[in-house]
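Heads up: numbering here begins at 1 and tracks the sequence. Note that these values count all heavy atoms, side chains included, but never hydrogens, waters or copies made by symmetry.
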Amino acid sequence: MARRFDCSDSTQRTVGVMEAAAAVRRGELVVLPTDTVYGIGADAFTPAAVTALLDAKGRGRDMPPPVLVGTVRAATALVDDLGPYGQDLVDAFWPGPLTLVCKANRALSWDLGDTKGTVAVRMPLHPVALDLLKETGPMAVSSANRSGEPPATTAEEAEKQLGDSVEVYLDGGPTTDKTPSTILDLTTAVPRLLRRGAIPVEKLRGIIGYVATDD
């Protein structure tokens with residue numbers, strides 16, 4: 001049966017983070033607050049757990065989840081190369097709502113789905129999420145909702161959609177911003193915007209110059 005912890009209470013937050021970390025290590029799913037919307041997460045290095053995450057959302061392997069990290073160092077270990085622009089973007093916008101798509105480190109043994117050798121990585125600006133990520137290491141995390149339904153902005157909304165497929169719900173209260181993260185592809189010579197989000201294109205261009213869009 002799923003358990004929910006009120007992270008506005010310091011004791012419950014401490015216990016909840018420990019219980020969630022233990023669940024992740026067992027290959028189970030957890031829901032956590034982020035700086036955008038609530039996320040459903042699993043150990044990025046346990047293929048069965050990632051499959052369970054996709055199943056809980058009703059998604060296939062053609063939509064692999066992003067990976068959240070608790071430190072920049074953890075992110076650099078996951079990617080083959082940040083490219084000429086990645087470090088400047090990390091310095092400017094992490095932790096925060098910017099997801100960077102990079103070529104994955106080919107030495108890693110993991111299976112996030114049909115990634116075509118890439119990984120979408122982000123460091124969220126949320127204390128509960130960062131506490132958990134520092135305990136677990138990199139987590140595969142997608143928005144906490146069934147595919148086609150609105151992303152959850154509260155733990156209660158997430159639980160209504162995902163139910164007992166999730167072991168632990170960390171309730172950080174309503175999210176302050178429903179806007180998803182901006183997604184930028186760094187695997188090509190020119191950075192390309194894949195999804196508009198919380199960080200406007202103009203701010204990205206203010207750091208790295210040209211950003212390609214579909215407009």
Where is the tightest heavy-atom contact between [X] and [Y], given as atom of each residue plus distance?
| X | Y | answer |
| --- | --- | --- |
| Ala152 | Val37 | O-CB, 3.5 Å |
| Pro191 | Ile208 | CG-CD1, 3.7 Å |
| Pro64 | Gly113 | CB-CA, 4.3 Å |
| Ala23 | Val168 | CB-CG2, 4.3 Å |
| Ala42 | Leu29 | CB-CD2, 3.7 Å |
| Cys102 | Leu186 | SG-CD1, 4.3 Å |

Do [X] side-chain atoms and [Y] backbone N/O form a donor-acceptor pair below 3.5 Å?
| X | Y | result |
| --- | --- | --- |
| Glu149 | Asn145 | no |
| Gln161 | Arg146 | yes |
| Lys178 | Thr36 | no |
| Tyr169 | Gly163 | yes |
| Lys134 | Thr71 | no |
| Thr34 | Gly39 | no |
| Glu167 | Ala2 | no |

With sequence neighbours excluded, what pairs up with Ala22 under the side chain to side chain contact (heavy atoms under 4.5 Å, CB included) test? Arg25, Arg26
Which distance, rounded to the nearest 0.5 Å, do you find between the [atom1] of [X] and the [atom2] of [Y]?
| X | Y | atom1 | atom2 | result |
| --- | --- | --- | --- | --- |
| Thr213 | Leu204 | OG1 | CG | 11.0 Å |
| Lys57 | Ser143 | NZ | OG | 3.5 Å |
| Leu108 | Asp80 | CG | CG | 10.0 Å |
| Arg59 | Ser142 | CZ | OG | 4.0 Å |

Please tabulate, for the side chains in residues 123-133, all donor-acceptor contacts under 3.5 angstrom to protein atoms that are two or more places apart in sequence or on a different chain.
{"from": "His126", "atom 1": "ND1", "to": "Val128", "atom 2": "N", "distance (Å)": "3.1"}
{"from": "Asp131", "atom 1": "OD2", "to": "Arg13", "atom 2": "NE", "distance (Å)": "3.4"}
{"from": "Asp131", "atom 1": "OD2", "to": "Arg13", "atom 2": "NH2", "distance (Å)": "2.8"}

Please determine which of Thr115, Leu78, Val50 meets the side-chain contact (heavy atoms from CB on, under 4.5 Å) test together with Trp110. Leu78
Using a 4.5 Å cut-off on heavy atoms from C-beta on, say whether the side chain of [Y] contacts that of [X].
| X | Y | answer |
| --- | --- | --- |
| Arg122 | Leu100 | no |
| Leu32 | Tyr38 | no |
| Leu53 | Asp55 | no |
| Val166 | Val31 | yes |
| Leu112 | Val67 | yes |
| Tyr210 | Val190 | yes |
| Arg61 | Asp111 | yes |
| Leu170 | Pro33 | yes |

Common cluster, Val121/Ile199, ILVMFWY with side-chain heavy-atom separation under 4.5 Å: yes
Applying the 4.5 Å side-chain criterion to the ILVMFWY set and letting contacts propagate, would Ile207 and Leu193 be lumped into a single cluster? yes
Of all pairs that satisfy side-chain hydrogen bond (donor to acceptor under 3.5 Å, both in side chains), the ones with a partner from residues 41-54, not counting sequence neighbours: Asp43-Thr46
Donor-acceptor pairs are to be reported for all side-chain atoms of residues 84-97 against protein atoms at under 3.5 Å, with residues two or more places apart or in another chain.
{"from": "Gln87", "atom 1": "NE2", "to": "Asp91", "atom 2": "OD1", "distance (Å)": "2.9"}
{"from": "Trp94", "atom 1": "NE1", "to": "Leu98", "atom 2": "O", "distance (Å)": "2.9"}

Will you find, in the side chains of Lys203 and Thr182, an N or O donor that is under 3.5 Å from an N or O acceptor? no
Under 3.5 Å, is there a donor on one side chain and an acceptor on the other for Arg195 and Ser181? yes
Joining Ile, Leu, Val, Met, Phe, Trp and Tyr whenever any side-chain heavy atoms lie under 4.5 Å apart, the cluster holding Met1 also takes in none
Shared-cluster residues of Leu194, by chain and number - hydrophobic side chains joined below 4.5 Å: Val101, Ile183
For the pair Lys116 and Asp62, find out whether any cationic side-chain nitrogen is under 4.0 Å from an anionic carboxylate oxygen. no
From CA spacing to verdict: side chain to side chain contact (heavy atoms under 4.5 Å, CB included), Thr154, Thr175: CA-CA 7 Å; Thr154 66; Thr175 58; over 6 Å; no
